[in-house]
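These notes concern the structure reproduced below.
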Amino acid sequence: MKNAMVILWASFLAGGVAEALFFTVIDPAELYFLGRPVELGALATYSIGFLFFWALCAASSAFSWFLLRTSKEINDAPLAGR
């Protein structure tokens with residue numbers, strides 16, 4: 001549980017920074033998705049953008065945590081289905 005909270009908190013901060021940088025450069029009214037303009041309001045676009053960046057950063061952090069596990073942690077884990 002502690003690892004999940006560390007991953008989510010770090011990715012929350014990184015997602016906020018990524019959103020701020022992205023929307024500093026890009027105007028939400030000028031966004032296109034699959035060749036069509038985004039017809040959402042600015043607040044909805046900012047919210048969806050933040051959730052997207054947060055999920056992307058969380059996936060990156062979780063993958064890094066997964067790769068940093070030691071062989072002892074991997075071998076001591078119980079097998080699923082047994």
Side-chain angles (χ1 to χ4, degrees):
M1 182 68 171
K2 181 182 176 185
N3 290 333
M5 295 307 296
V6 169
I7 289 170
L8 290 175
W9 178 246
S11 62
F12 177 84
L13 296 176
V17 170
E19 182 200 17
L21 293 174
F22 181 80
F23 285 115
T24 297
V25 177
I26 305 295
D27 182 17
E30 297 177 0
L31 283 177
Y32 282 81
F33 183 69
L34 299 175
R36 302 182 71 190
V38 175
E39 298 178 0
L40 299 172
L43 184 61
T45 304
Y46 291 138
S47 299
I48 292 169
F50 171 73
L51 291 174
F52 172 75
F53 285 122
W54 188 10
L56 187 66
C57 292
S60 173
S61 296
F63 187 62
S64 295
W65 171 78
F66 177 76
L67 292 176
L68 286 173
R69 295 182 306 157
T70 64
S71 59
K72 181 170 178 18
E73 291 172 331
I74 294 169
N75 292 329
D76 289 345
L79 293 176
R82 285 194 172 181

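Nothing fancy with the numbering, it's 1 onward along the sequence. What's counted below: heavy atoms across the whole structure, side chains too, no hydrogens, waters or symmetry copies.
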Exercise for the section: Would you indicate whether Glu39, at its atom CD, is surrounded by more than 12 heavy atoms from other residues, nucleotides or ligands within a distance under 6.0 Å? Expected result: no
Fill in the blank from the handout: Between the CD1 atom in Ile26 and the CG atom in Leu21, the distance rounded to the nearest 0.5 Å is 11.5 Å
Practice task
Compare all side-chain heavy atoms of Ile7 with those of Trp65 and state whether any distance is below 4.5 angstrom.
Solution key: yes
Practice task
Examine Val38 and Phe52 and state if one hydrophobic cluster contains both, with Ile, Leu, Val, Met, Phe, Trp and Tyr joined whenever side-chain heavy atoms are less than 4.5 Å apart.
Solution key: yes
Completion exercise
When rounded to the nearest 0.5 Å, the distance separating CG of Leu56 from OG of Ser61 is 9.5 Å
Problem - Main-chain N/O of Gly16 paired to Glu19 side chain as donor or acceptor, under 3.5 Å - result: no
Handout entry: Any Phe66 side-chain heavy atom under 4.5 Å of Arg69 side chain
Key = yes
Exercise for the section: Give a yes or no on whether the backbone of Leu8 and the side-chain of Ser11 come within a donor-acceptor separation of less than 3.5 Å. Expected result: yes
Exercise for the section: Tell me whether Leu40 is reachable from Leu34 by hopping between hydrophobic residues (I, L, V, M, F, W, Y) whose side-chain heavy atoms are closer than 4.5 Å. Expected result: yes
Handout entry: Nearest heavy-atom neighbours spanning Lys72 and Asp76
Key = NZ-OD2, 2.7 Å
Problem - Shared hydrophobic cluster for Tyr46 and Ile48 (ILVMFWY, side-chain gaps under 4.5 Å) - result: yes
Practice task
Please confirm whether Phe12 and Phe50 have ring centers closer than 6.0 angstrom.
Solution key: yes
Problem - With Phe22 via ring-ring contact (aromatic ring centres under 6.0 Å, His included) - residues at least two apart - result: Phe53
